[in-house]
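These numbers come from the heavy atoms of this one structure, side chains and all, not from hydrogens, waters or symmetry mates. One is the number of the first residue; the rest follow in order along the sequence.
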Amino acid sequence: MTKTPKATRTEWLRRAREALGGAVTSFVLPESHAIVLSHGLGSRVVDVDGRDYIDYVLGSGPLILGHAHPAIVEAVSRQAALGSTFYTLTPAAIELAEEIIRAVPCAEQIKFVSTGTEATFHALRIARAYTGRTKILKFEGAFHGVHDYALISAFPAVPSDLPQGQPDSAGIPPQVAETVLVSRWNDLDVTRALIEQHAEELAAVICEPLQRALPPAPGFLNGLRELTERYGILLIFDEVVTGFRLAYGGAQERYGVVPDLATFGKALSGGYPLAAIAGRREIMALTDPTRRSRGEPIAHLSGTLNGNPLAAAAGLATLHVLRQPGVYDYLYRISEQLRTGLRELAAARGIPLQVIGEGPVLQIVFAEEEPRDYAALLRADRERAVRFGLACLERGLFVNPGAKLYLSLAHSEADIARTMEIFSAALDTVLSDANATASD
């Protein structure tokens, strides 16, 4: 009997263009570098042609334990044999909520959803319901998902005309954009002026406490906390990226600033679709569906797969590993090795390069000075960053060129050593490209 030939990358990409439109489910790679992955284990992924990569995308962050971690596989397999979803309470969801409350400073009550987009969308709705106000303030370059409120000046091509934001997608009603004010990350003076001017209209200030990979300036988050408390505005930390990654209690533990509400996802459930909104009890009370029967106002929050037991089981297994001694020390140590090593490689070649971020969230920026806000990122040499990323892909690192790098507990010292070799070769490529351009 003749075997059917295994489909190659080229064939899979052809089929994807037909079925998915643009052959994209996440970030966009040039056709020459597009990848179709077959499987992953630990820090590695393998494409359909059998090529092996060290993975620094990690599913865009969720896989803080690496691919197919045995504890997660076992927990999900055990739950799958009991049932995949019930649309009601399960022990796994209740236990996970209790563990989040133990871990996160602002968490007194929890609500589960399936994605980070849902989490930030509902957090803003809760804030408007609680305060009776309609406007929100966000920061230029901050990404809070893909709902209409979030896609205002998340990635504008040119700096925004503050506080007016720019819709990042077609199809966003102008009425939505009118309810979103935009400020500059790490600029407390500008933000203070906007808050003071619009305090009576503002329901919430929402921020990524580590904005993409831009750390908060000293005192900036404390300043936001003081201003929002003074004017009765809710402070929302979008910890979808930072939660359980910068520390077990998230960025609010790492930076010592406690918001009113916070959203979580990604690392929370180790690669399964689950997210959460956490906050003070009196605020979260507005999401209690029994209020409706008493004629009280409610911030409606519901979803078919909210608190799904498979994802909750994965979350419990993930958090069990993360709270073991030495976990975050290891993540910060290997991250610092990458950060320091890359800076040294660039300096030896005279290449202006910054490595920004915090702990196991890094971003490589080709610029003379370390950027502090989104406008500075726009001034950096993004073309060079993308070329560097593509050179890394060619040599066996799975990265999103020009974007963040995530590290996991599965990354070994050997992975870091091999990564530095690839970084060195990729920098040589960038340097030779620059020399070739200069000689033209």
Donor-acceptor contacts under 3.5 Å from residues 149-159 side chains, at least two apart:
residue: Ser153; atom: OG; partner: Ser160; partner atom: OG; Å: 2.8
residue: Ser153; atom: OG; partner: Gln166; partner atom: N; Å: 2.8

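Judged purely by distance below 3.5 Å, without hydrogens or angles, the side chains of Thr419 and Tyr56 pair a donor atom with an acceptor atom. A donor-acceptor contact under 3.5 angstrom links the side chains of His33 and Glu394, judged on distance only. Between the side chains of Asp238 and Thr120, not a single donor N or O lies within less than 3.5 Å of an accepting N or O. At a cut-off of 3.5 Å, with distance as the only test, a side-chain donor of Thr242 or Glu239 sits close to an acceptor on the other residue. Side-chain contact annotation: Ser424 with Arg349, donor-acceptor N/O pair under 3.5 Å present.
The pair Glu383-Arg387 does not count as a salt bridge, with every side-chain nitrogen at least 4.0 angstrom from each carboxylate oxygen. Residues Glu18 and Arg14 are not paired through a salt bridge, judged by the lack of any N-O separation under 4.0 Å between the basic side chain and the carboxylate. Electrostatic pairing of Asp49 and Lys6 does not count as a salt bridge here, judged by no charged N lying under 4.0 Å from a carboxylate O.
For the atom pair Ile136 CD1 and Leu124 CG, the distance stands at 4.5 Å (nearest 0.5 Å). Atoms OH and OG, on Tyr87 and Ser302 in that order, are 3.5 Å from each other to the nearest 0.5 Å. For the atom pair Leu214 CG and Asn186 CG, the distance stands at 7.0 Å (nearest 0.5 Å). Distance check: Glu226 CD to Leu188 CG gives 8.5 Å after rounding to the nearest 0.5 Å. Here the CG-CZ distance, from Leu338 to Phe423, works out to 5.5 Å after rounding to the nearest 0.5 Å. Here the CE atom belonging to Met420 is positioned 5.5 Å from the CG atom belonging to Leu342, to the nearest 0.5 angstrom.
Residues Leu305 and Thr85 form a side-chain contact, since some pair of their non-hydrogen atoms from C-beta on lies under 4.5 Å apart. Using a 4.5 Å heavy-atom threshold, the side chains of Leu210 and Val241 count as separate. The shortest distance between side-chain heavy atoms of Glu31 and Arg17 falls below 4.5 Å.
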Assess whether side-chain contact (heavy atoms from CB on, under 4.5 Å) is satisfied between Ile72 and Val321, documenting all intermediate values.
CA-CA 10 Å; Ile72 296 178; Val321 175; over 6 Å; no

Set out, in order, the CA-CA distance, both residues' side-chain angles and the distance that settles side chain to side chain donor-acceptor pair (under 3.5 Å) for Glu11 and Thr8, then state yes or no.
CA-CA 5 Å; Glu11 174 61 14; Thr8 64; over 6 Å; no

Just do the side-chain contact (heavy atoms from CB on, under 4.5 Å) check on Leu301 and Asn306 with the steps written out, would you?
CA-CA 10 Å; Leu301 192 160; Asn306 288 1; 3.9 Å; yes

For a salt bridge (charged side-chain N to carboxylate O under 4.0 Å, His left out) check, start with the C-alpha distance between Asp260 and Arg225, then their side-chain angles and the critical distance, and finish with the verdict.
CA-CA 9 Å; Asp260 299 297; Arg225 177 68 284 181; 2.8 Å; yes

For Arg395 and Glu421: C-alpha separation, side-chain torsions, deciding distance, then whether salt bridge (charged side-chain N to carboxylate O under 4.0 Å, His left out) applies.
CA-CA 10 Å; Arg395 291 163 173 82; Glu421 293 174 358; over 6 Å; no

For side-chain contact (heavy atoms from CB on, under 4.5 Å), just list the numbers for Thr10 and Leu13, CA-CA rounded to whole Å, side-chain angles, deciding distance to a tenth of an Å, and then say yes or no.
CA-CA 5 Å; Thr10 302; Leu13 289 174; 5.9 Å; no

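When atom types are taken as modelled, the side chain of Glu370 and the backbone of Val355 share no donor-acceptor pair closer than 3.5 angstrom. Proximity of a side-chain donor or acceptor of Tyr328 to a complementary backbone N or O of Phe244 within less than 3.5 Å is detected. A distance-only check finds no donor-acceptor pair linking the side chain of Ser84 to the backbone of Ala80 [under 3.5 Å]. Checked by atom type and distance alone, the side chain of Gln324 pairs as donor or acceptor with a backbone atom of His320 at under 3.5 Å. Side-chain N or O atoms of Gln354 include none that pairs as donor or acceptor with a backbone N or O of Phe366 at under 3.5 Å. Glu118 places a side-chain N or O within 3.5 Å of a backbone atom of Thr115 that can act as its donor or acceptor partner. Thr429 contributes a side-chain N or O that, together with a main-chain N or O of Ala425, makes up a donor-acceptor pair within less than 3.5 Å. A side-chain donor-acceptor contact under 3.5 Å links Gln252 to the backbone of Cys106. The main-chain N or O of Lys404 is never found under 3.5 Å from a side-chain atom of Gln363 such that the two would form a donor-acceptor pair. Checking side-chain atoms of Asn400 against main-chain N and O of Ala403 turns up no donor-acceptor pair under 3.5 Å.
What you find for Ala346 and Leu353 is that their closest heavy atoms are CB-CB, 3.7 Å. Between Ile110 and Ala278, the shortest heavy-atom distance links the atoms CD1-CB, 3.5 Å. Residues Gln109 and Ala285 share a closest heavy-atom pair of OE1-N, 4.2 Å. Residues Arg102 and Glu95 share a closest heavy-atom pair of NH2-O, 4.5 Å. Nearest approach of Leu137 to Ser183, heavy atoms of both residues: CD2-CB, 4.0 Å. A pairwise comparison of heavy atoms in Met284 and Leu261 identifies SD-CD2, 3.7 Å as the closest pair.
The side chain to side chain contact (heavy atoms under 4.5 Å, CB included) check on Glu336 picks up Arg339, Thr340, with sequence neighbours excluded. By the ring pair (Phe, Tyr, Trp, His ring centres under 6.0 Å) test, Tyr406 is found to be paired with no residue, residues two or more places apart in sequence or in another chain being considered. The ring pair (Phe, Tyr, Trp, His ring centres under 6.0 Å) search around Tyr255 returns none, not counting sequence neighbours. Under the ring pair (Phe, Tyr, Trp, His ring centres under 6.0 Å) criterion, Phe121 pairs with His147, sequence neighbours left out.
Only one option out of Arg245, Arg212, Arg254 pairs with Glu358 in a salt bridge (Lys or Arg N to Asp or Glu O under 4.0 Å); it is Arg254. Across Thr263, Val257, Val104, a single residue satisfies side chain to side chain contact (heavy atoms under 4.5 Å, CB included) together with Phe237, and that is Val257. Put simply, the residue from Phe143, Tyr374, Phe139 that forms a ring pair (Phe, Tyr, Trp, His ring centres under 6.0 Å) with Trp185 is Phe139.
Under the salt bridge (charged side-chain N to carboxylate O under 4.0 Å, His left out) criterion, the residue pairs touching residues 52-71 are Arg44-Asp52, with sequence neighbours excluded.
Note that Arg9 lies outside the cation-pi zone of Trp12, set by a 6.0 Å cut-off to the ring centre and a 45° limit from the axis.
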